[in-house]
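Please read these numbers as outputs of a predicted model, since none were measured by experiment.
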Amino acid sequence: MPPLGLAIVSEALKRNNIEHDTDDLYIKLYHAVKLGRIKTDVFLDPYRVKNFVHGIFCDEIDKETGKIMALTDFSGYDYVCFSSHFPPLDKVNSQAIVACLMRKIKEKYGPTIVANFKLSSYEDAGLIDFHTLRIDNFI
């Protein structure tokens with residue numbers, strides 16, 4: 001049951017004496033949405049999301065993505081890993097949210113972004129391609 005993958009990766013890192021933190025941002029986001037603190041409807045327009053991911057500013061998407069980023073401290077890490085194998089949140093394609101987060105985290109903190117998801121689904125949605133330079137490695 002999710003997030004089992006997170007536990008497996010964490011344990012493997014621990015066994016190899018690799019310092020790391022784990023955080024289930026999805027759970028925090030789920031609760032913030034239910035409490036009305038974050039508006040996910042801004043991620044429903046695939047054209048605006050795609051443009052944002054590719055570097056075209058959108059105030060609404062930037063604002064809500066910033067609120068999501070504030071749920072977790074991303075500063076000071078060399079690597080930030082994402083897994084997006086979870087169900088849609090509040091009618092929103094979770095990949096749209098993750099793609100926007102990767103853009104902002106990469107720009108603000110500059111870590112190596114490692115992603116664990118099916119690239120084809122992101123490519124099909126036009127959210128991620130090798131020109132965006134938002135993802136450094138895929139698992």
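Between the CD1 atom of I113 and the OH atom of Y77 there is a distance of 13.0 Å, given to the nearest 0.5 Å. I18 CD1 to S10 OG: the interatomic distance, rounded to the nearest 0.5 Å, is 10.5 Å. I61 CD1 to R103 CZ: the interatomic distance, rounded to the nearest 0.5 Å, is 9.5 Å. Interatomic distance, CG of D24 versus NZ of K28, reported as 8.5 Å (0.5 Å rounding). In this structure, CD1 on I68 lies 5.0 Å from CD1 on I97, to the nearest 0.5 angstrom.
Taking the salt bridge (charged side-chain N to carboxylate O under 4.0 Å, His left out) definition, one finds that E11 meets it with R15, sequence neighbours left out. With sequence neighbours left out, D45 forms a side chain to side chain donor-acceptor pair (under 3.5 Å) with no residue at all.
A 4.5 Å side-chain heavy-atom check between H31 and R37 finds every atom pair outside the cut-off. The shortest side-chain heavy-atom distance between D78 and T112 does not fall under the 4.5 Å cut-off. Side-chain contact between F74 and L25: present, with at least one pair of heavy atoms (C-beta onward) separated by less than 4.5 Å. Two residues are said to be in side-chain contact when any heavy atoms from C-beta on lie closer than 4.5 Å; L71 and I38 meet this criterion.
No more than 12 heavy-atom neighbours from other residues, nucleotides or ligands sit within 6.0 angstrom of NZ on K39. No more than 12 heavy atoms of other residues, nucleotides or ligands sit less than 6.0 Å from atom OH of Y47.
Remark: the backbone N or O of V42 is not paired with any side-chain donor or acceptor of R48 at under 3.5 angstrom.
Contact detail for P46 and L44: the closest heavy-atom pair is CD-O, 3.0 Å. Contact detail for V49 and F43: the closest heavy-atom pair is CG2-O, 3.5 Å.
Ionic pairing of K104 and E107 is not present here: no N-O contact between side-chain nitrogen and carboxylate oxygen is shorter than 4.0 angstrom.
A side-chain contact (heavy atoms from CB on, under 4.5 Å) with C100 is found for one member of I105, D62, V53 and no other, namely V53.
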